[in-house]
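Just so it is clear: chains get the letters A, B, ... in the order the sequence lines come, proteins before strands, and each one is counted from 1. Model, not experiment: these values are computed from the prediction.
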Protein chains: 2
Amino acid sequence: MTTTSPQGRTELLRPDGSPVRVLVVDDEMSITELLSMALRYEGWQIRSAGDGTGAIQTARDFRPDAVVLDMMLPDMDGLTVLGRLRRELPDVPVLFLTAKDAVEDRIAGLTAGGDDYVTKPFSLEEVVARLRGLIRRSGAADRRSDSMLVVGDLTLDEDSHEVTRAGENIHLTATEFELLRFLMRNPRRVLSKAQILDRVWSYDFGGQANVVELYISYLRRKIDAGREPMIHTRRGAGYLIKPAAS
Amino acid sequence: MTTTSPQGRTELLRPDGSPVRVLVVDDEMSITELLSMALRYEGWQIRSAGDGTGAIQTARDFRPDAVVLDMMLPDMDGLTVLGRLRRELPDVPVLFLTAKDAVEDRIAGLTAGGDDYVTKPFSLEEVVARLRGLIRRSGAADRRSDSMLVVGDLTLDEDSHEVTRAGENIHLTATEFELLRFLMRNPRRVLSKAQILDRVWSYDFGGQANVVELYISYLRRKIDAGREPMIHTRRGAGYLIKPAAS
DNA sequence: CGACAACCTGTGATTTCCCTGAGAAACGCA
DNA sequence: TGCGTTTCTCAGGGAAATCACAGGTTGTCG
């Protein structure tokens, strides 16, 4: 089921209306904290664990709908954790966290079963989007929730990554896509550059804040080009997206 | 829940009807005093602390609904305080205070969990508005409270920063917006130029007092232009806003 | 009714914020 | 490895916002 909160954000819920439960497993506290905060903000219920043993224990009584699992844990191998998790929760989808340079082929095999993975350092938009996808597809949440975001005549498909304006197909790069998704998931709301940076760029990004301006400019070129603009600047506050006709 | 006080101001309340509780943490006494005064005026219950240790202790038994936290504390790093706070109060939203020049300087990730920040020197109107936003979105206050201020045919949306009069969209600059918000949050009440200056301009503003007159004049041009005026001067006392038809 | 105080507002200087072109570096794929 | 694509830095230009100043207007009170 999806409901729309008073703030206009769409929340994933389980069939019985209770919040989705997610278990986060990582040995770096800063990562579990970051993820917990962000996922709680999605309206989900979060528990975290710092090693494999803790993960299995927590999984046993928390019965999460999804697990975020770092492949590098201090006490046991990622695959071992996965195996034991599967014994407890046969159908729960898992989102793997892996180092950028990790052996990709092993992961590729793992994701065959419907799981997914992101590489560190990740952006929160990416993690949240993939988790939403996993949960949606696993059937833990109501199937009717779909993957289309629509604002005015602008559409974005989270599954196929297809974006159209007025029926016309638009090609976006990965970063442009994530930025637009974030804007479209918060229509008519002013988002500050800091919020955008925190959400769309990876947590270790140390660069200039004006990348946001730059990518807003790219998006405008592709989405608003020659049309009634949908992306608006609120000087001194941030940016927002809204349907052209208003 | 929102109720309207005898003075006509709208207050945020917790679901059980008790006042919202806010913890203020800053090592400069003048700042905690300033904030405490202003936030108490909102009808909230305030406690303050001057360092990280005190903050954790106070948080433990005060159980605030929101925290205002200076990132520069004498005894420990802002992030450390944050981590310990989170252990005590996992879901409490935090409003960070940061120095203007320390900007960008690792505020990263902080707004991702729904938290927010303001830079010093701030205006009280800004702090109050952001705190209200955080509390509203955190669910500590009743979800029915929304982000719209309405006085007569004039509306102001705190999320989208949109202002309309008689359905017509009006563009305001950041300062104009904050001034109007302050007026609209105190309808039918005379606000002195000193009050307005203290509230809408940052606490270190050293300029001429007639900026208030100037910005009132700007607002009138945009809001009252050719219409029944809503902004009124009480000579020798201040200004007030009220619905046109009265 | 005159004088003073309070208030209003036009003008323009300064500052702040935002946009975008150009090119360097990193990445991805054949 | 080499080439096209993507990401990001840097810096200049330009527009918008803020504010000081000063002269004009309105209201108040003796």
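- Straight-line distance from the CD atom of B:E178 to the P atom of D:dA17: 14 Å, rounded to whole Å.
- Residue B:L197 contributes atom CG, which lies 12 Å from atom C1' of D:dC19 at whole-angstrom precision.
- Phosphate proximity of C:dC7 to B:K193: present, with a side-chain N or O under 4.0 Å from OP1 or OP2.
- Considering only side-chain N and O atoms, A:Y239 lies under 4.0 angstrom from the phosphate OP1 or OP2 of C:dC19.
- Here the rule is side-chain contact (heavy atoms from CB on, under 4.5 Å) with A:I196, and of A:N186, A:L191, A:V211 only A:L191 fits it.
- Taking atom CZ of residue B:R221 and atom C1' of nucleotide C:dC7, one finds them 14 Å apart after rounding to whole Å.
- Contact between the side-chain N/O atoms of A:T175 and the OP1/OP2 oxygens of D:dT7 is found at a separation under 4.0 Å.
- B:R188 places no side-chain N or O within donor-acceptor distance of the main-chain N or O of B:K242, the cut-off being under 3.5 Å.
- In terms of polar N and O atoms assigned as donor or acceptor, the side chain of B:Y218 comes within less than 3.5 Å of the base of D:dC19 in a complementary pairing.
- One finds a side-chain N or O of A:R220 lying less than 4.0 angstrom from the OP1 or OP2 phosphate oxygen of C:dC19.
- In this model, the phosphate group of C:dT9 is approached by a side-chain N or O of B:S217 to a distance below 4.0 Å at OP1 or OP2.
- Residue side chain A:R235 reaches the base of C:dC17 through a donor-acceptor N/O pair under 3.5 Å, judged by distance alone.
- Atom CG of B:L180 is separated from atom P of D:dA17 by 15 Å (rounded to the nearest Å).
- Residue B:W201 places none of its side-chain N or O atoms closer than 4.0 Å to OP1 or OP2 of D:dT18.
- Atom-to-atom, CG of B:L179 to P of D:dA17 comes out at 15 Å; the value is rounded to the nearest Å.
- Rounded to whole Å, the distance from CG on A:N210 to P on C:dC17 is 14 Å.
- Computed from coordinates, the B:Y215 OH to D:dA20 C1' distance equals 12 Å when rounded to whole Å.
- The six-membered or imidazole ring of A:Y215 lies near that of A:W201, with a centre-to-centre distance under 6.0 Å.
- Side-chain nitrogen and oxygen atoms of A:H171 include at least one within less than 4.0 Å of the OP1 or OP2 phosphate oxygen of D:dT6.
- In the helix from C:dC1-D:dG30 to C:dA30-D:dT1, the rotation axis of the first five pairs and that of the last five pairs differ in direction by 30°, rounded to 10 degrees.
- Nearest-nucleotide mapping onto DNA chain C: of A:R234 and B:E213, the residue sitting toward the 5' end is B:E213.
- Nucleotide C:dT9 holds its P atom 11 Å from the CD1 atom of B:I216, rounded to whole Å.
- Within 4.0 Å of A:F177, counting heavy atoms only, lies no atom of the nucleic acid at all.
- The side chain of A:T233 places an N or O atom within less than 4.0 Å of a non-bridging phosphate oxygen (OP1 or OP2) of C:dC19.
- Looking only at side-chain heavy atoms (C-beta outward), B:E42 and B:R132 come within less than 4.5 Å of each other.
- Annotation: the span from B:S147 atom OG to B:E162 atom CD amounts to 10.5 Å, rounded to 0.5 Å.
- Using modelled atom types and a 3.5 Å distance limit, the side chains of B:S192 and B:R234 yield no donor-acceptor pair.
- OP1 or OP2 of D:dC10 has at least one side-chain nitrogen or oxygen of A:Q208 nearer than 4.0 Å.
- Side-chain contact, A:T164 with A:N169: no donor N or O sits under 3.5 Å from an acceptor N or O.
- B:L214 comes within 4.0 angstrom of a nucleotide base, judged by non-hydrogen atoms across all strands.
- Taking the six-membered ring wherever Trp is involved, the centroid distance between the rings of A:H161 and A:F177 falls below 6.0 Å.
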